[in-house]
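Just below is one structure, and these are the notes that go with it.
What you see is a predicted model, and the numbers here were worked out from it, not measured in a lab.
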Amino acid sequence: MKVLILSGRFGFGHKMAANAIGEEFKRQDQNAGIVQKDLPAYFYPNISKIIYKVFGLVAERYHGIYNLVYKISGKINSGNRPGGPIIYRKFRKLMEEYDPDVIVCTHPFCEKSAATYKAKSGSGIPLVTCITDISMHKEWYAKQTDLYLAPTVEVKDNLAGFGALPEDILTTGVPVRQQFLAAGDDEDGPCEVEAGTEENVCENRKNVLVMGGGLGIVPELEELLYTLQGIPGVKTTVITGKNHKMYELWKGRFPDIEVLGYVEHIGKYMRKADLVITKAGGITLFEILHSDVPMFIIRPFLEQEIVNARYAQGKGFAQVIWDKKEDFTAELRRILKDPERLCEMRRRMAKAREEMMDTQLFEAVREMSKRGQEYRSSISWARFESKEEEGYENHAYFRNSTEYLPLRG
């Protein structure tokens, strides 16, 4: 099995979802050939760094422009239109280089590029699109996609409304790595409710995790840290991701606040936390859901994160501060002093997981593998029959190779 997984570094969630899918393929088959590609970097090696830098700058400092572009593009159903000849040629080269059995995309640009290739080449290779945000943007839909991994039932319904077949949509949530899926087995979690009781058996533990996603963007971090430092009995860990400037600014400033940069095994920090203060990115939302820790979100400002935050709040496992005039520090103190409220949020998380997802990642990967194997068998048979028609059935290649030999029943 050869799997080509395509993503882009527009934020960090697309890559993390790609990593999670690749990890599960390898877990199921150690011999699987997994290739992960940053498609914009592959297509445009000379300017991709500039593209990503501009994206990060706009998302952090000029989010009004970002949101406007996001809303406008969502009204244009460009997912149904294949791209131009340049995209096709570049993608065809990629396919010739890796010859995969299945393509998995975790970003709309990747999906559109793969759809262009399928539309113009007539290829039947399975195309899987993994949607990484709860907000259903039309850019995520392409009629050449064979299988969708949808984050919620609501997104599945939207895809069906666009024209996707319900049987080709698996509601998986946003895929997360194994370290988060194993969270339920951790005995050191901060809050546990005994069966048949409402008693919180760890009321006095107050561990707070502050994280801002892969870009390390945390709104009003200075005020937040001074507030946390001033709450007795609270131990805070701040993860700045790849934002080195923020890391250097806050490292060692407070005695009870640990500041870390990029952390690979972030799941263990989530499981030890009573509360996570974070952005409402799609991948972050599902990592937290699987880690079973309540969320505190301060004034989300990117459009898809606003949708994600509203959804989490509606499900009851996140407290969101919306108004710029609202004193988030007072609400933060209240929630940290109310262990029953935190445990109630955890109970609602468990319910939300059941409502939002009906397919486990391992089941989705099995389905992808099945479709990939069927595709490989079909093209092997077609190549074999083509050679037979040309009179090559006794050619030495076919006497010595099994690559194209079909199974005869």
Side-chain angles (χ1 to χ4, degrees), residues 8-17 51-75 107-108 131-140 151-152 154-155 174 208-228 238-247 249-250 266 275-289 294-315 317-332 335:
R9 290 185 286 114
F10 299 102
F12 213 52
H14 307 291
K15 182 180 178 182
M16 289 296 98
I51 293 173
Y52 288 137
K53 187 173 182 179
V54 170
F55 171 83
L57 182 66
V58 171
E60 182 177 2
R61 300 184 184 179
Y62 305 103
H63 46 269
I65 297 174
Y66 176 95
N67 289 340
L68 179 62
V69 172
Y70 184 86
K71 289 179 180 178
I72 292 174
S73 61
K75 296 178 181 179
H107 189 275
I131 300 173
T132 57
D133 276 310
I134 288 174
S135 54
M136 184 56 220
H137 201 278
K138 286 185 179 180
E139 277 291 309
W140 283 108
T152 67
E154 291 85 352
V155 172
V174 178
V208 176
L209 177 63
V210 180
M211 48 185 284
L215 297 175
I217 305 168
V218 182
E220 303 183 54
L221 181 61
E222 181 174 0
E223 185 177 1
L224 174 61
L225 295 185
Y226 275 106
T227 298
L228 290 169
V238 180
I239 297 177
T240 63
K242 294 188 176 182
N243 192 322
H244 303 295
K245 182 178 179 180
M246 186 177 293
Y247 172 78
L249 179 63
W250 294 107
I266 198 170
L275 186 70
V276 175
I277 303 173
T278 185
K279 295 174 61 192
I283 191 72
T284 300
L285 182 70
F286 282 88
E287 288 173 349
I288 288 173
L289 262 174
M295 301 175 69
F296 191 89
I297 302 167
I298 303 172
R299 304 185 184 108
F301 51 84
L302 296 181
E303 187 64 27
Q304 64 266 47
E305 292 179 358
I306 293 172
V307 175
N308 294 345
R310 190 177 295 121
Y311 191 92
Q313 180 177 265
K315 291 291 184 180
F317 60 85
Q319 176 64 45
V320 185
I321 305 300
W322 297 101
D323 194 336
K324 291 184 178 181
K325 297 179 181 180
E326 187 176 355
D327 182 7
F328 73 85
T329 63
E331 182 59 28
L332 181 58
I335 197 170

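For the pair Leu249/Leu221, no side-chain contact is recorded, criterion being any heavy-atom separation below 4.5 Å from C-beta on. The shortest side-chain heavy-atom distance between Asp133 and Val307 does not fall under the 4.5 Å cut-off. Met295 places a side-chain heavy atom less than 4.5 Å from the side chain of Leu285. Under the 4.5 Å side-chain criterion, counting only non-hydrogen atoms from C-beta, Leu332 is not in contact with Ile298. In this structure, Phe328 and Leu224 have side chains that are in contact, with non-hydrogen atoms separated by less than 4.5 Å.
For the pairing with Thr284, the side chain to side chain contact (heavy atoms under 4.5 Å, CB included) check across Thr278, Leu289, Asn308 returns one residue only, Thr278.
Contacts of Arg9 classified as salt bridge (charged side-chain N to carboxylate O under 4.0 Å, His left out), with partners at least two apart in sequence or in another chain: Asp38. Considering only residues two or more places apart in sequence or on other chains, Glu326 meets the side chain to side chain donor-acceptor pair (under 3.5 Å) condition with none of them. The salt bridge (charged side-chain N to carboxylate O under 4.0 Å, His left out) search around Glu331 returns Arg334, Arg341, not counting sequence neighbours. Partners of His14 under the ring-ring contact (aromatic ring centres under 6.0 Å, His included) rule, at least two apart in sequence or in another chain, are His107. Contacts of Tyr247 classified as side-chain contact (heavy atoms from CB on, under 4.5 Å), with partners at least two apart in sequence or in another chain: Thr240, Lys251, Val259. Partners of Thr152 by side chain to side chain donor-acceptor pair (under 3.5 Å), not counting sequence neighbours, listed by chain and number: Glu154. In this structure Lys315 satisfies the side chain to side chain donor-acceptor pair (under 3.5 Å) test together with Glu355, sequence neighbours excluded. Scanning for side-chain contact (heavy atoms from CB on, under 4.5 Å) contacts around Ala309 gives Ala280, Ile297, Pro300, Val320, Trp322, with sequence neighbours left out. Residues passing the side-chain contact (heavy atoms from CB on, under 4.5 Å) test with Pro151, sequence neighbours excluded: Ile131, Val155, Val174, Phe286.
The distance from the CG atom of Leu228 to the CD atom of Glu223 is 10.5 Å, given to the nearest 0.5 Å. Distance check, rounded to the nearest 0.5 Å: CD1 of Ile51 to CZ of Phe10 gives 6.0 Å. If you take CG on Leu275 and CD1 on Ile288, they are separated by 9.0 Å, rounding to the nearest 0.5 Å. Ile283 CD1 to Thr132 OG1: the interatomic distance, rounded to the nearest 0.5 Å, is 7.5 Å.
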* Go through the steps for Val238 and Trp250 under the test side-chain contact (heavy atoms from CB on, under 4.5 Å), then give the verdict. => CA-CA 9 Å; Val238 180; Trp250 294 107; over 6 Å; no
